[in-house]
Amino acid sequence: MTQPLPMPRRSVLYVPAINQRAIAKCASLACDAVVFDLEDAVAPAMKQAAREHLAQAFAQGRPGPQCCVVRSNGLADADFAQDLALVARVRPDALLVPKLASVQDAEALCAALAPLDARVRLWVMVETAGALSVLDGIVACLQASTRLDCLVVGTNDIAKETGVSTADGRAWLVPWLMRCVLAARRFGVGVLDGVWNDFADQAGFAAELAQSVKMGFDGKTLIHPTQVDAANRAFAPAEAALRDARAVVDAFAQPAHAQAGVIQIDGRMVERLHLAQAERLLALQAAIAARAT
């Protein structure tokens with residue numbers, strides 16, 4: 001049930017909600033989305049101050065031209081209710097909820113979000129052993145609420161909870177990463193890869209970006225602004241792929257092919273499923289171009 005992406009998600013930058021200077025800088029960044037983090041990036045004693053910083057930033061208009069997302073604390077955390085009240089007040093584009101671990105958690109989350117403005121979309125972290133074990137059930141439950149928009153892989157938390165190494169090109173994590181991509185494609189939502197921690201290691205980051213693209217992720221979550229340009233380049237459609245997509249769309253648009261299920265283009269057979277893929281790629285490129293203006 002793959003659908004055209006409503007927005008590019010090549011580069012999604014975490015910004016600590018406690019850091020007012022970082023929040024102010026978002027207006028100048030080229031990332032596709034910003035996640036204002038109230039969870040891991042904020043010490044317990046600073047949670048309320050972080051919420052106040054976000055309230056001030058949104059009161060002055062959107063903090064940046066990107067998709068604006070707020071990551072709350074976990075559903076079972078004492079801070080969640082206050083985070084949700086903030087989200088209801090400032091109405092970001094999306095709420096990112098961490099630490100779901102069961103279908104029961106998903107059901108409770110749907111109930112908690114019911115009063116929230118329907119325009120606030122839902123992003124969820126996939127970062128626990130429980131979530132990985134019953135991911136299809138969680139996504140099916142959340143998708144039924146019609147609010148779910150994106151899955152975000154938390155590789156650091158997965159490695160911490162399971163003890164599985166992130167070394168060797170994440171070889172030991174690959175089955176779980178691909179499970180996340182498969183669930184996203186099955187239910188028609190976006191999916192973002194986890195962060196690359198060593199932002200000074202540009203070669204390592206480039207290698208992981210290439211892996212992420214080949215796995216089928218829509219983009220990558222980032223921890224530093226210097227990672228934005230590389231992620232944007234990696235996840236942007238290649239010019240050769242765009243030329244091919246335009247050729248497929250143009251060919252099927254010809255009156256002679258209006259009812260055809262399969263046609264020939266330059267000696268290769270092309271089906272209507274390839275037309276759908278081509279249209280999706282061109283829609284993504286159009287969204288990227290619109291984002292740049």
Side-chain angles (χ1 to χ4, degrees), residues 1-9 12 14 32-40 67-77 79-88 90-158 161 175-195 215-221 280:
M1 199 170 69
T2 303
Q3 299 174 350
L5 291 174
M7 55 162 281
R9 298 187 179 97
V12 178
Y14 287 112
D32 290 331
V34 174
V35 175
F36 299 105
D37 190 9
L38 290 167
E39 192 210 14
D40 288 345
C67 175
C68 293
V69 184
V70 173
R71 178 160 77 167
S72 70
N73 289 275
L75 185 65
D77 194 286
D79 282 286
F80 179 78
Q82 295 178 73
D83 295 343
L84 189 58
L86 171 70
V87 168
V90 305
R91 289 187 296 183
D93 295 302
L95 165 66
L96 173 58
V97 179
K99 302 297 188 292
L100 294 187
S102 66
V103 175
Q104 290 73 26
D105 284 350
E107 292 170 345
L109 179 59
C110 289
L113 299 185
L116 198 63
D117 190 316
R119 288 172 293 184
V120 179
R121 309 305 295 167
L122 174 63
W123 293 18
V124 293
M125 300 293 303
V126 182
E127 57 184 348
T128 67
L132 289 168
S133 298
V134 292
L135 186 57
D136 276 9
I138 288 174
V139 179
C141 176
L142 296 175
Q143 203 234 20
S145 75
T146 72
R147 193 187 293 272
L148 183 65
D149 196 45
C150 191
L151 307 180
V152 183
V153 179
T155 43
N156 285 337
D157 281 273
I158 290 171
E161 182 170 332
W176 293 336
L177 296 174
M178 294 309 303
R179 181 179 298 177
C180 294
V181 174
L182 182 61
R185 297 299 170 244
R186 178 183 177 190
F187 292 98
V189 299
V191 60
L192 301 174
D193 196 5
V195 300
M215 284 180 172
F217 283 99
D218 297 315
K220 194 157 180 67
T221 48
R280 182 175 185 271

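Within the model, atoms SG of Cys110 and CG of Asp105 stand 11.0 Å from one another, a figure rounded to the nearest 0.5 Å. The distance from atom CG of Asn73 to atom CG of Asp40, rounded to the nearest 0.5 Å, is 8.5 Å. Note that CG of Asp218 is 9.5 Å distant from CG of Leu151, once rounded to the nearest 0.5 Å.
Residues Ser133 and Thr128 fail the side-chain proximity criterion, which asks for heavy atoms closer than 4.5 Å. Pro92 places none of its side-chain heavy atoms less than 4.5 Å from the side chain of Val69. Here the side chains of Leu109 and Leu100 are in contact, with some heavy-atom distance below 4.5 Å. The shortest distance between side-chain heavy atoms of Val152 and Val126 does not fall below 4.5 Å. Contact of the Arg9 side chain with the Asp149 side chain is registered, since non-hydrogen atoms from C-beta on lie closer than 4.5 Å. No side-chain heavy atom of Leu135 sits under 4.5 Å from any side-chain heavy atom of Trp176. Between Phe36 and Leu38 there is no side-chain heavy-atom pair separated by less than 4.5 Å. Within the 4.5 Å cutoff, the side chain of Trp123 has heavy atoms near those of the Leu192 side chain.
Of the candidates Val189, Val97, Leu116, Val97 is the only one forming a side-chain contact (heavy atoms from CB on, under 4.5 Å) with Leu122.
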For a side-chain contact (heavy atoms from CB on, under 4.5 Å) check, start with the C-alpha distance between Asp93 and Cys68, then their side-chain angles and the critical distance, and finish with the verdict. CA-CA 5 Å; Asp93 295 302; Cys68 293; 3.9 Å; yes
For Ser72 and Leu95: C-alpha separation, side-chain torsions, deciding distance, then whether side-chain contact (heavy atoms from CB on, under 4.5 Å) applies. CA-CA 7 Å; Ser72 70; Leu95 165 66; 3.8 Å; yes
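Of all the heavy atoms in Leu75 and Ala108, the pair that sits closest is CD2-CB, 3.7 Å. Contact between Glu127 and Gly154 at its shortest, heavy atoms only, is CB-O, 3.7 Å. Considering every non-hydrogen atom in both Gly74 and Phe80, the closest pair reads O-CB, 3.2 Å. Residues Met7 and Cys67 share a closest heavy-atom pair of CE-CB, 3.6 Å. Between Thr146 and Arg121, the shortest heavy-atom distance links the atoms O-NH2, 2.8 Å. Nearest approach of Ser102 to Val134, heavy atoms of both residues: CA-CG2, 4.2 Å.
At distances below 3.5 Å, not a single donor-acceptor pair connects side-chain atoms of Asp37 with backbone N or O atoms of Tyr14. Side-chain N or O atoms of Arg185 include one that pairs as donor or acceptor with a backbone N or O of Gly216 at under 3.5 Å. Listed for the Arg147 side chain is a donor-acceptor partner under 3.5 Å among the backbone atoms of Leu113. Proximity of a side-chain donor or acceptor of Lys220 to a complementary backbone N or O of Gly194 within less than 3.5 Å is detected.
Between Lys99 and Asp157, at least one side-chain N (NZ, or NE/NH1/NH2) sits under 4.0 Å from a carboxylate O, which counts as a salt bridge. Taking 4.0 Å as the cut-off between side-chain N and carboxylate O, Arg71 and Asp77 do not count as a salt-bridged pair.
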